[in-house]
Asks: 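Below you'll find the structure I mean.
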Amino acid sequence: MNSMQELIKQTVIKAGQSLFGVDFPETSIQFQATRKEFDGDITLVVFPLTKLTQSKPEELGEKLGAFLVQEIEALTAFNVVKGFLNLVYTDGFWMKSLEGMVKQPDWGKSPKDSRPRMMVEYSSPNTNKPLHLGHLRNNFLGYSVSQILEAFGHKVTKVQIINDRGIHICKSMYAWLKSGRNETPESTGMKGDKLVGKYYVEFDLQYKAEIKELMATGSSEDEAKQQAPSILAAQEMLRQWEEGNEEVVSLWKKMNQWVYAGFDVTYARMGVSFDKLYFESETYLKGKEEVEKGLANGVFFKKDDGSVWIDLTEEGLDQKAVLRRDGTAMYVTQDIGTAILRFEDYPDTAGQIYTVGNEQEYHFKVLFKILKKLGWTQSDACHHLSYGMVELPEGKMKSREGTVVDADDLMESMATESRLVADEQGKLSDLTEDEKKDTYDIIGMSALKYFLLRVDPKKNMMFNPQESIDFNGNTGPFIQYAYVRTQSILRRAGDFKMESWNGVDINEWERNLIKCLSAYPNAIEEAASKYDPSVVAAFAYELTKTFNSFYQQCSILKEENAALKSLRMELTALSGQCIASSMQLLGIEMPTRM
RNA sequence: GAUCUCGUAGCUCAGUUGGAUAGAGCAUCUGCCUUCUAAGCAGACGGUCAGGGGUUCGAAUCCCUUCGGGAUCACCA
């Protein structure tokens with residue numbers, strides 16, 4: 001709620017007393033944006049007040065409207081449609097708002113470090129296979145939420161937990177040893193993550209073949225799955241790894257390094273980064289220690305067989321195991337350890353945001369409850385940023401069925417697509433090859449990022465690889481294009497000297513644009529409180545459409561009245577800045593030409 | 001079986017704590033480049049908000065129910 005709405009609200013309460021002798025409770029005063037087919041800037045819904053005043057909606061609206069326009073200087077007119085009182089702000093009010101926006105160097109953002117530290121976890125891949133489309137949604141979401149929280153004034157620490165340990169990586173290791181012929185990223189020219197992923201697939205093929213063979217000789221499926229030689233070998237490697245067997249550990253290090261080098265290339269192209277990395281291999285023992293402590297404090301209890309549990313039935317959940325009977329750590333155990341380690345590393349952390357798929361909702365409910373019971377009050381500000389699957393037309397992506405969309409491939413094809421569109425138009429023909437390549441990349445990535453971020457994170461979404469992602473309409477490139485126009489105008493303006501625009505009359509396109517720009521802080525606040533980048537995407541799109549209409553209707557450089565030209569130049573500059581700023585919250589860069 | 005989630009135009013998606021005639025983009029069709037970048041602007045077409053019931057001044061939104069999609073409920077991660 002902005003200060004103008006607050007003023008109207010107080011004046012409505014005053015009207016209640018002086019016109020009707022009634023006290024309106026604050027909750028009965030409801031605002032909504034005025035629909036564009038009606039005249040007005042803000043709408044008061046009067047239905048809730050009709051009972052209190054024993055009057056008909058239309059009459060009440062008329063009375064309140066007259067009262068408000070008389071009392072508040074910034075209101076110039078009103079109209080009543082059914083039970084809706086539409087109020088019109090004066091041009092003077094809008095001019096003043098514009099002055100306020102221009103004065104602030106970073107319009108829309110809250111002061112830096114005005115809110116406590118939040119930790120945002122995202123990406124967190126396994127190290128046995130390359131990143132795919134689902135990881136792209138994850139990374140873009142996590143990075144964008146970090147940017148949004150920062151813009152809202154939080155200190156932000158971006159982290160990931162790298163699942164570098166476990167049976168999955170041993171599978172790739174085993175297959176590489178068995179049939180790798182000492183292949184390396186250098187010898188094959190493959191990205192390290194792709195090479196390791198290749199062996200993971202190879203393992204799976206071999207494993208399946210063995211199962212089939214065993215079942216043919218009379219084993220049940222379960223037996224076959226447990227007794228296949230390759231799985232036994234992988235399990236043996238995991239045991240040796242835990243014992244610290246030198247050969248196994250050094251192979252593990254070597255192959256993980258390959259993967260990290262590959263991931264680094266992918267992250268760089270994605271435009272995401274991290275402030276601190278946590279490795280499961282370094283934190284998984286911490287969880288066990290914390291469970292031991294909690295056991296001593298009575299938070300956990302031990303069953304007869306030696307396994308350790310927590311009872312969450314009072315919280316509406318079940319009993320949950322936190323240590324196996326052989327004393328080894330489980331998935332939750334590790335997450336408990338990692339969370340606590342982070343609170344210890346950054347003691348001023350108010351809460352953690354976990355960007356993880358929605359299939360793990362139960363897991364995080366459990367985790368947060370456990371942290372709370374262990375005495376970590378930051379648990380209240382922890383949040384599972386849960387997002388839906390990216391579905392393909394044929395259903396879910398399944399790595400085993402080869403229906404994954406590889407992250408590197410997709411990013412490359414977006415750049416190629418953007419090159420095609422640009423070459424067809426020929427607008428960039430005077431750029432150097434390097435400059436062109438950068439531009440294609442920036443445009444392609446914006447199409448991809450915007451496509452994934454404009455959708456409500458919690459919903460499943462559809463991606464059709466056959467129909468390439470659009471560059472027209474509600475898309476990243478559409479928004480970039482408007483930005484490029486603003487920059488082009490500012491360039492061409494040369495050394496035009498700005499004048500005061502005080503007292504010029506504004507038309508509906510100028511007014512709409514100011515109105516739209518003034519909503520930016522609200523958009524950031526809503527996005528930050530909901531952890532939802534799609535709010536920012538919707539804002540950027542709305543602003544872009546409004547600017548485009550303005551651009552089409554009002555000539556800027558050719559305007560002869562210097563005061564009006566100054567106003568339009570200012571609007572152009574501010575629109576460009578605001579578009580770039582909001583897109584930056586989505587992790588999307590702006591080209592200077594396209 | 002239990003719990004959660006989703007179902008809105010041919011397709012992809014918006015739709016605030018319940019509010020006005022349910023909105024965008026794509027696709028299809030009409031106009032607009034001798035004028036600041038047409039990756040644009042202006043317009044047309046397109047809906048039983050999955051079905052049924054309820055709550056009330058008022059329901060896509062809240063409650064119940066049926067149908068349909070997805071997920072979760074491991075001493076897997």
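Lettering follows sequence order; numbering is per chain, from 1. The model shown is predicted, which means the values in this text are computed figures rather than measured ones. Basis for what follows: all heavy atoms, side chains included, without hydrogens, waters or symmetry-related copies.
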Asks: Below 30° counts as parallel, above 60° as perpendicular, anything between as tilted: where do the rings of A:Tyr284 and A:Trp241 land?
Replies: tilted

Asks: Would you say A:Phe478 stacks on B:rG40, if stacking means ring centres under 5.5 Å apart and planes within less than 30 degrees?
Replies: no

Asks: Determine the Euclidean distance between corresponding P atoms of B:rG23 and B:rA44; express it in Å to zero decimal places.
Replies: 13 Å

Asks: Under 4.0 Å: is that the gap between some side-chain N or O of A:Asn472 and OP1 or OP2 of B:rG40?
Replies: yes

Asks: Measure from the side chain of A:Gln334, starting at C-beta and using heavy atoms only, and say which of B:rA14, B:rC73, B:rA77 lies closest.
Replies: B:rA77

Asks: Establish, with yes or no, whether the OP1 or OP2 oxygen of B:rC57 is under 4.0 angstrom from a side-chain nitrogen or oxygen of A:Lys51.
Replies: yes

Asks: Give a yes/no answer on whether the side chain of A:Arg492 brings an N or O atom under 4.0 Å of OP1 or OP2 in B:rU37.
Replies: yes

Asks: From the options B:rG19, B:rA20, B:rC36, select the nucleotide whose nearest atom is closest to the side chain of A:Pro48.
Replies: B:rG19

Asks: Considering only B:rA39, B:rC13, B:rG19, which nucleotide approaches the side chain of A:Val45 most closely?
Replies: B:rG19

Asks: Give me the distance, rounded to whole Å, that separates B:rU34 from B:rC11 when you measure between the C1' atoms they each carry.
Replies: 39 Å

Asks: Mapping A:Glu361 and A:Leu323 to their closest nucleotides on RNA chain B, which lands nearer the 5' end?
Replies: A:Glu361

Asks: For B:rA44, which nucleotide is its Watson-Crick or G-U wobble mate, given both distances must be under 3.5 Å?
Replies: B:rU28

Asks: So which nucleotide from B:rU37, B:rG23, B:rU12 ends up closest to the side chain of A:Arg454?
Replies: B:rU12

Asks: Could you work out which one of B:rU72, B:rA24, B:rA38 sits closest to the side chain of A:Arg485?
Replies: B:rA38

Asks: So, under a plain 3.5 Å distance rule, would you say the side chain of A:Ser549 forms a donor-acceptor pair with the base of B:rA42?
Replies: no

Asks: Using the P atom on both, measure B:rA27 against B:rG40 and round to a whole Å.
Replies: 10 Å

Asks: Take atom NZ of A:Lys303 as the centre, draw a 6.0 Å sphere, and report whether it contains more than 12 heavy atoms from other residues, nucleotides or ligands.
Replies: yes

Asks: With both distances under 3.5 angstrom, what nucleotide forms a Watson-Crick or G-U wobble pair with B:rA71?
Replies: B:rU3

Asks: If the cut-off is 4.0 Å, is A:Asn548 near the phosphate of B:rG40, judged by side-chain N/O to OP1 or OP2?
Replies: no

Asks: Can you tell me if A:Lys565 touches the phosphate of B:rC36, counting only side-chain N or O atoms and a distance under 4.0 Å to OP1 or OP2?
Replies: no

Asks: If you count heavy atoms of other groups shown closer than 6.0 angstrom to CD of A:Glu37, is the number above 12?
Replies: yes

Asks: Compare the minimum distances between each of B:rA14, B:rA38, B:rC6 and the side chain of A:Lys458, then state the nucleotide with the smallest one.
Replies: B:rC6

Asks: Can you check the distance between B:rG7 and B:rU66, where both ends of the measurement are the C1' atom (answer in whole Å)?
Replies: 14 Å

Asks: Using only heavy-atom distances, determine whether the side chains of A:His168 and A:Asn163 contain a donor-acceptor pair under 3.5 Å.
Replies: no

Asks: Please pick, from B:rC41, B:rC26, B:rA20, the nucleotide with the shortest atom-to-atom distance to any side-chain atom of A:Gln552.
Replies: B:rC41

Asks: So which nucleotide from B:rC36, B:rC41, B:rG25 ends up closest to the side chain of A:Tyr541?
Replies: B:rG25

Asks: Surrounding NZ of A:Lys225 (heavy atoms of other residues, nucleotides or ligands, distance under 6.0 Å), is the total greater than 12?
Replies: no

Asks: Can you find a side chain N or O atom of A:Lys82 that sits less than 4.0 Å from OP1 or OP2 on B:rC57?
Replies: no

Asks: CD of A:Glu58: more than 12 outside heavy atoms within 6.0 angstrom?
Replies: yes

Asks: Looking only at atom C1', what distance separates B:rU30 and B:rA71, rounded to whole Å?
Replies: 46 Å

Asks: What nucleic acid atoms does A:Asp456 come within less than 4.0 Å of, heavy atoms only: base, sugar-phosphate, or nothing?
Replies: sugar-phosphate

Asks: Could you identify the nucleotide paired to B:rA38, looking across every strand shown and requiring Watson-Crick or G-U wobble geometry with both distances under 3.5 Å?
Replies: none

Asks: Provide the distance between the two C1' atoms, one in B:rA22 and one in B:rA39, to the nearest whole Å.
Replies: 29 Å

Asks: Out of B:rU37, B:rA14, B:rC13, which nucleotide sits closest to the side chain of A:Met462?
Replies: B:rC13

Asks: So what does A:Lys56 hit on the nucleic acid, given a heavy-atom distance under 4.0 Å: a base, only sugar-phosphate, or nothing?
Replies: nothing

Asks: If only side-chain N and O atoms of A:Arg35 are considered, is one of them under 4.0 Å from the OP1 or OP2 phosphate oxygen of B:rG23?
Replies: yes

Asks: Mind checking if A:Ala321 touches a base, just sugar-phosphate, or nothing, with heavy atoms under 4.0 Å?
Replies: sugar-phosphate

Asks: Using the C1' atom as the reference point in each nucleotide, state the distance between B:rG25 and B:rU8 in Å, no decimals.
Replies: 15 Å

Asks: If you compare every side-chain N and O of A:Tyr331 against the phosphate oxygens of B:rA77 (OP1, OP2), does one of them come in below 4.0 Å?
Replies: no

Asks: Does A:Phe47 lie flat on the base of B:rG58, that is, centres under 5.5 Å apart and planes under 30° off?
Replies: no

Asks: Please tell me which of the listed nucleotides, B:rU37, B:rU72, B:rG19, lies nearest to the side chain of A:Phe84?
Replies: B:rG19

Asks: Look at atom CD of A:Glu560 and say whether more than 12 heavy atoms of other residues, nucleotides or ligands are closer to it than 6.0 Å.
Replies: no

Asks: If you assign A:Phe38 and A:Lys303 each to the RNA chain B nucleotide with the nearest heavy atom, which residue ends up on the more 5' nucleotide?
Replies: A:Phe38

Asks: Does the side chain of A:Lys545 get closer than 4.0 angstrom to OP1 or OP2 of B:rA42 through an N or O atom?
Replies: no

Asks: With a 4.0 Å limit, can you tell me whether A:Lys365 has a side-chain N or O closer than that to the phosphate oxygens OP1/OP2 of B:rU3?
Replies: no

Asks: Taking only side-chain N and O atoms of A:Gln32, does any of them lie within less than 4.0 angstrom of OP1 or OP2 on B:rG19?
Replies: no

Asks: Syn if the chi torsion is within 90° of 0, anti otherwise; quick check, which is B:rC33?
Replies: syn

Asks: Please measure how far the C1' atom in B:rG19 lies from the corresponding atom in B:rG58, and state the result in whole Å.
Replies: 7 Å

Asks: Kindly assign one of parallel, tilted or perpendicular to the pair A:Phe463 and A:Phe451, based on the angle between their ring planes and the thresholds 30° and 60°.
Replies: perpendicular

